[in-house]
Amino acid sequence: MLDVPALTGTVAVPGAPRPWTVRPAGPRHVADYRALRRDVFVGEQGLFAGDDHDRVDDDPRTEVLVAVDGEDRVLGGVRLAPAPEALDAAGRDIGWWTGSRLVVARSARHAGGIGAALVRAACARAAELGVLRFEATVQARNRILFERLGWQAWDSCDVQGTPHVRMRWPVTRIADLVTSTKTALAALVGPLLEDAGTLVPGGTLGGAGFVGDDGAPVPGTDMVAACDAILPALLDRDPEWAGWCAVLVNVNDLTAMGARPVGLLDALGAPTLSFARRMMNGLHSAAQAWGLPVLGGHTQLGVPAALSVTALGRTHRPVPGGGGRPGDALSLTADLSGRWRRGFQGRQWDSTSARTSAELRHLAGAVATAAPRAAKDVSMAGVVGTTAMLAEASGTGAVIDVAHVPTPSTAATGDWLTCFPGYAMLTADAPGRSRLPAAVGPLATSAECGRLTAEPGVRLRWPDGVTTNAVVDPATGLGAAGPSAG
């Protein structure tokens with residue numbers, strides 16, 4: 001989808017009088033593109049009377065791509081924009097976009113695939129924008145062209161009495177994220193699962209009822225342990241933020257288990273003493289913010305940067321990630337304050353560094369207070385990928401209502417559903433029974449945004465009632481957790 005040579009330079013067309021390129025349209029190009037549309041759709045094809053202008057042209061988010069020749073004359077164009085139906089239903093851009101008004105001048109229709117290049121360019125741009133549903137309504141005679149480009153037909157309709165086909169570009173952003181972060185887990189930790197019941201009562205990897213959870217109940221105690229390592233790229237780019245996040249992600253893991261954090265251990269490696277100090281400054285600040293002692297750990301200098309933290313918490317009733325049932329309401333509770341972390345736009349949302357210690361501790365106790373049937377903290381697999389893990393562990397599937405997901409006003413839906421969101425908890429409970437809204441109070445936004453289903457996989461449901469597949473295969477391969485031993 002992204003290998004679009006027409007986006008990156010001149011494309012020589014064998015037998016054509018001049019080369020052409022596909023580029024974003026400037027104001028003059030937009031005017032010429034609209035004039036070309038009138039010439040073709042009104043004058044040549046008679047699809048519209050007088051003008052084909054519509055509300056999409058007036059939306060400031062609409063983008064136009066044009067094919068221009070060596071003299072910068074517009075030979076063709078296409079526009080992409082948020083679907084008007086989605087805007088009407090949700091009141092905001094929720095990642096459902098359409099491509100439309102694809103047109104090529106009569107004199108350029110044999111100039112080496114301008115139409116196909118415009119479609120590819122639109123797909124590439126939609127991917128850059130984080131679009132999760134991208135569709136076009138095309139004349140039936142153009143269906144073959146779109147299918148050759150990888151589009152899929154899913155419905156038919158008439159436009160001004162002319163047969164059209166509704167086509168969809170398969171967006172794999174969420175599935176690709178889950179594959180890259182979670183799919184290898186079963187093969188990797190399979191030997192550990194085989195040890196279940198042979199080492200200690202309750203087995204390994206959390207024991208009965210806790211397969212794939214954010215933390216692991218320690219057999220025979222009220223302790224829960226969690227451990228997370230920080231990605232080297234984050235350490236290299238922002239050591240202080242990496243230290244803060246090492247505490248944050250572990251506290252979130254304990255929060256999702258309904259455990260009260262009691263202490264941390266760290267393992268830190270750094271190329272120099274000054275680099276180690278920067279990492280430790282971030283870790284120390286976070287430990288103070290959450291009121292947690294660093295109980296011990298290990299430090300080594302003169303090595304590539306590395307940081308992992310183990311957190312210990314206590315609870316007599318750990319909340320499983322796999323405790324959901326078909327028909328349960330799926331809720332997202334997230335702190336929507338803050339902003340994208342500088343340098344990590346669209347990937348890491350920072351809602352915690354500006355919170356007071358009292359606020360952070362209050363949020364950390366919310367799941368324990370609410371005691372849902374199932375809970376998982378949203379981490380690197382994003383909201384949808386984490387939903388897939390919760391559903392898999394529960395032996396269910398899930399449907400997410402995209403328009404109902406609590407989302408910051410400054411975040412694109414596609415980015416929000418695939419990023420690390422700072423503080424965000426996914427929970428499952430009987431419909432209308434979630435106690436998370438009361439537990440978090442005004443510090444976070446909580447809303448039912450889907451259901452657990454008997455059908456496996458995760459699907460996105462849009463305001464028009466259509467569902468699209470987000471995660472088809474099991475997220476981890478670890479399977480259902482089964483009943484808890486507790």
Side-chain angles (χ1 to χ4, degrees), residues 206 208-215 217 224 251-260 313 315-336 362-379 381-407 417 421 423-461 470-471 475 480-486:
F210 294 97
V211 173
D213 279 81
D214 297 298
V224 174
V251 170
N252 282 350
D253 285 344
L254 294 178
T255 297
M257 298 290 291
R260 177 177 60 87
T315 178
H316 290 288
R317 298 186 62 184
V319 177
R325 308 170 188 172
D328 277 356
L330 181 73
S331 297
L332 178 68
T333 302
D335 184 354
L336 305 184
H362 180 83
L363 289 171
V367 174
T369 300
R373 285 179 180 166
K376 284 194 75 67
D377 116 79
V378 179
S379 54
V383 170
V384 182
T386 303
T387 297
M389 291 190 289
L390 186 152
E392 180 185 2
S394 299
T396 71
V399 173
I400 296 174
D401 290 298
V402 181
H404 296 162
V405 176
T407 305
L417 293 183
Y423 178 91
M425 299 288 152
L426 276 165
T427 56
D429 228 325
R433 295 289 299 276
S434 176
R435 293 177 288 273
L436 257 297
V440 296
L443 298 180
T445 302
S446 186
E448 291 187 6
C449 56
R451 287 287 187 273
L452 298 186
T453 65
E455 181 183 355
V458 179
R459 292 165 298 286
L460 304 181
R461 183 159 52 209
V471 182
S484 171

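Shown here are the side-chain hydrogen bond (donor to acceptor under 3.5 Å, both in side chains) partners of S446, two or more places apart in sequence or in another chain: T333. Residues that satisfy the side chain to side chain contact (heavy atoms under 4.5 Å, CB included) test with H362, not counting sequence neighbours, are L443. With sequence neighbours left out, the side-chain hydrogen bond (donor to acceptor under 3.5 Å, both in side chains) criterion links D335 to S337, R355. Remark: R260 pairs with no residue by the side-chain hydrogen bond (donor to acceptor under 3.5 Å, both in side chains) rule, at least two apart or across chains. D328 meets the salt bridge (charged side-chain N to carboxylate O under 4.0 Å, His left out) test with R373; sequence neighbours excluded. Partners of A447 according to the side chain to side chain contact (heavy atoms under 4.5 Å, CB included) rule, which considers only residues two or more places apart in sequence or in another chain, are P406. Applying the side chain to side chain contact (heavy atoms under 4.5 Å, CB included) test to A256 and every residue at least two apart in sequence or in another chain returns D214, D377, M425. For T445, there are no side-chain hydrogen bond (donor to acceptor under 3.5 Å, both in side chains) partners, not counting sequence neighbours. In this view, A368 satisfies the side chain to side chain contact (heavy atoms under 4.5 Å, CB included) rule with no residue, not counting sequence neighbours.
Closest heavy-atom contact between P217 and G215: CD-O, 3.9 Å. Nearest heavy atoms, S394 versus G321: OG-O, 3.7 Å. Considering all non-hydrogen atoms of both residues, P431 and A329 come closest at CA-CB, 3.8 Å. Considering all non-hydrogen atoms of both residues, Y423 and L363 come closest at OH-O, 2.8 Å. Here the shortest heavy-atom pairing between G324 and A428 reads CA-CB, 4.3 Å. Across all their heavy atoms, T453 and T396 have their closest contact at O-CB, 3.2 Å.
Atom-to-atom distance recorded for M257:CE and K376:NZ is 8.5 Å, nearest 0.5 angstrom. D429 contributes atom CG, which lies 9.0 Å from atom CZ of R325 (distance to the nearest 0.5 angstrom). Of the inter-residue distances, the one linking L417 atom CG with T407 atom OG1 reads 6.0 Å to the nearest 0.5 angstrom.
Counting heavy atoms from C-beta outward, V319 and P372 have side chains that approach closer than 4.5 Å. Annotation: side chain of I400 is in contact with side chain of L330 (closest heavy-atom distance under 4.5 Å).
Screening residues 391-402 for salt bridge (charged side-chain N to carboxylate O under 4.0 Å, His left out), with sequence neighbours left out, gives D401-R461. Legend: salt bridge (charged side-chain N to carboxylate O under 4.0 Å, His left out) pairs involving residues 438-454, not counting sequence neighbours, sorted by first then second residue: E448-R451.
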Carefully, step by step, assess F210 and V224 under the rule side chain to side chain contact (heavy atoms under 4.5 Å, CB included). CA-CA 11 Å; F210 294 97; V224 174; over 6 Å; no

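Counting heavy-atom neighbours within 6.0 Å of R435 CZ, excluding the residue itself, gives a total above 12.
Of the candidates V384, L332, L460, V405 forms a side chain to side chain contact (heavy atoms under 4.5 Å, CB included) with just one, namely L332.
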